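Please read these numbers as outputs of a predicted model, since none were measured by experiment.
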Amino acid sequence: YRTMAKGTPFYDTLHTQLSSSENEGFVDVKDNSTHNIFYFQKLYFNPDNPEQFLMVAMSLPLESILQPVNRIKIQTLYLTLLLTTLALVIASVFTWKQMSPLRRMTKNIKSFRDDTTSINLPVTLRNEIGALARAFDALIRRLNAARTAEEDALLKMQSIVDKTVDGIITIDKSGIIKTYNKSCEKIFGYKAKDTIGSNIKMLMPEPYYSQHDEYLSNYHKTGKSGII
């Protein structure tokens, strides 16, 4: 049972394992051109004589053994790439969905003008964007309330000015008429609609008409009034 021809494949390996005390195992066998994994198992059929056994051996090229492993590695790589791409797509969609209210709010805020009384903001959202929208909405409401109060105060002041017997005119720093009460209409003979927005020197005779711009310029520079 120990006799074998030296031409038997893996003669040296078989001979070594026949003489060894191991009953089963794997052996890594290499030569110049091949790399094999050698498996052996001893089957004893006479318990009283341990020298009588049958050894079953099998040899497979390492490449054929690793093929399923390499295939699994490639499949795992592809799966990882697929899952990574899917995660990126989901993250992009989620981010776009989350940022969409913020983009709309930013667009509406940029379109806000002084004459705007309301603005479409995502105040119903229960997140940080909603909190920001509600804060900005409250700010707009306070601004509108202050603007309404200012307009009411101006109307009251204009009503008082219009009822005075004295002529009252207000101008800006360039001499442009801003307000012109009803008494001025009687004094100068011009209606308010014909004077507001024009230079106050239209109401002046020469030489004050030609020199009034210089008077205003000197006043702004020195703080000393001349014709004013």
Side-chain angles (χ1 to χ4, degrees), residues 1-113 116 118-143:
Y1 55 87
R2 290 183 181 274
T3 302
M4 64 182 72
K6 288 192 175 183
T8 303
F10 308 105
Y11 170 82
D12 293 336
T13 302
L14 288 169
H15 188 270
T16 300
Q17 299 308 321
L18 283 171
S19 303
S20 72
S21 60
E22 295 181 356
N23 295 324
E24 183 181 7
F26 291 91
V27 181
D28 192 4
V29 182
K30 297 180 182 180
D31 58 23
N32 295 332
S33 60
T34 61
H35 187 179
N36 294 273
I37 301 299
F38 182 88
Y39 171 76
F40 70 93
Q41 184 177 18
K42 296 177 181 178
L43 303 176
Y44 295 93
F45 50 84
N46 187 353
D48 297 329
N49 187 359
E51 291 294 323
Q52 296 181 354
F53 60 85
L54 174 66
M55 188 171 75
V56 179
M58 180 176 62
S59 176
L60 289 173
L62 179 63
E63 181 180 353
S64 65
I65 296 174
L66 293 181
Q67 278 182 352
V69 177
N70 292 333
R71 185 166 57 250
I72 293 173
K73 287 173 64 178
I74 294 174
Q75 292 174 349
T76 302
L77 178 61
Y78 287 152
L79 181 61
T80 301
L81 291 175
L82 177 62
L83 292 177
T84 302
T85 303
L86 182 61
L88 289 174
V89 171
I90 293 175
S92 298
V93 172
F94 180 77
T95 301
W96 176 267
K97 183 178 180 180
Q98 291 297 313
M99 295 300 292
S100 182
L102 182 59
R103 286 192 298 271
R104 290 197 301 269
M105 184 174 71
T106 302
K107 181 179 178 180
N108 292 333
I109 290 174
K110 287 182 177 179
S111 64
F112 182 78
R113 303 185 305 273
T116 304
S118 63
I119 185 170
N120 185 21
L121 297 174
V123 295
T124 58
L125 294 179
R126 298 300 175 184
N127 53 22
E128 291 80 0
I129 296 176
L132 180 61
R134 288 188 290 275
F136 198 85
D137 184 68
L139 178 62
I140 293 176
R141 292 178 184 277
R142 289 196 295 270
L143 178 62

- Got Glu22 and Phe40 here, is their nearest side-chain heavy-atom distance under 4.5 Å? yes
- Item | Rounded distance [0.5 Å steps], CG in Leu79 versus CD1 in Ile72 | 12.5 Å
- Message: Ignoring hydrogens, what is the shortest heavy-atom contact between Pro122 and Ile129? Give both atom names and the distance.
- Response: CG-CG2, 4.3 Å
- Task: State the OH-CD1 distance between Tyr39 and Ile65, to the nearest 0.5 angstrom.
- Result: 12.5 Å
- Note on the structure: Heavy-atom closest pair (Leu121 atom, Asp137 atom, distance to 0.1 Å) is CD1-N, 3.8 Å
- Item | Separation between CD of Gln41 and CG of Leu54, rounded to the nearest 0.5 Å | 10.0 Å
- Message: Please give me the minimum heavy-atom distance between Ser59 and Asn36, naming the atom from each residue.
- Response: OG-CB, 3.5 Å
- Message: For a quick test of reading the model, state the closest non-hydrogen atom pair linking Met105 to Leu132 and the distance between them.
- Response: CE-CD2, 3.5 Å
- Task: Test side-chain contact (heavy atoms from CB on, under 4.5 Å) on Thr106 and Arg103 and set out the steps.
- Result: CA-CA 5 Å; Thr106 302; Arg103 286 192 298 271; 5.7 Å; no
- Task: Quick one: pull up CG in Leu66 and NE2 in His35 and give me the separation to the nearest 0.5 Å.
- Result: 8.5 Å
- Message: To the nearest 0.5 Å, what is the distance between CG on Leu83 and OG1 on Thr76?
- Response: 10.5 Å
- Please answer whether the main-chain N or O of Ala91 pairs with a side-chain N or O of Thr95 as donor and acceptor at a distance below 3.5 Å. yes
- State the CD-CG distance between Glu24 and Leu43, to the nearest 0.5 angstrom. 9.0 Å
- Task: Could you tell me whether the side chain of Ser100 and the main chain of Lys97 form a donor-acceptor pair under 3.5 Å?
- Result: no
- Item | side-chain hydrogen bond (donor to acceptor under 3.5 Å, both in side chains) between Asn49 and Tyr44, intermediate numbers included | CA-CA 9 Å; Asn49 187 359; Tyr44 295 93; over 6 Å; no
- Message: So Ile37 and Leu62, do their side chains get closer than 4.5 Å, heavy atoms only?
- Response: yes
- Query: Under the side-chain contact (heavy atoms from CB on, under 4.5 Å) criterion, do Met99 and Phe94 qualify, and how do the steps go?
  - Reply: CA-CA 9 Å; Met99 295 300 292; Phe94 180 77; over 6 Å; no
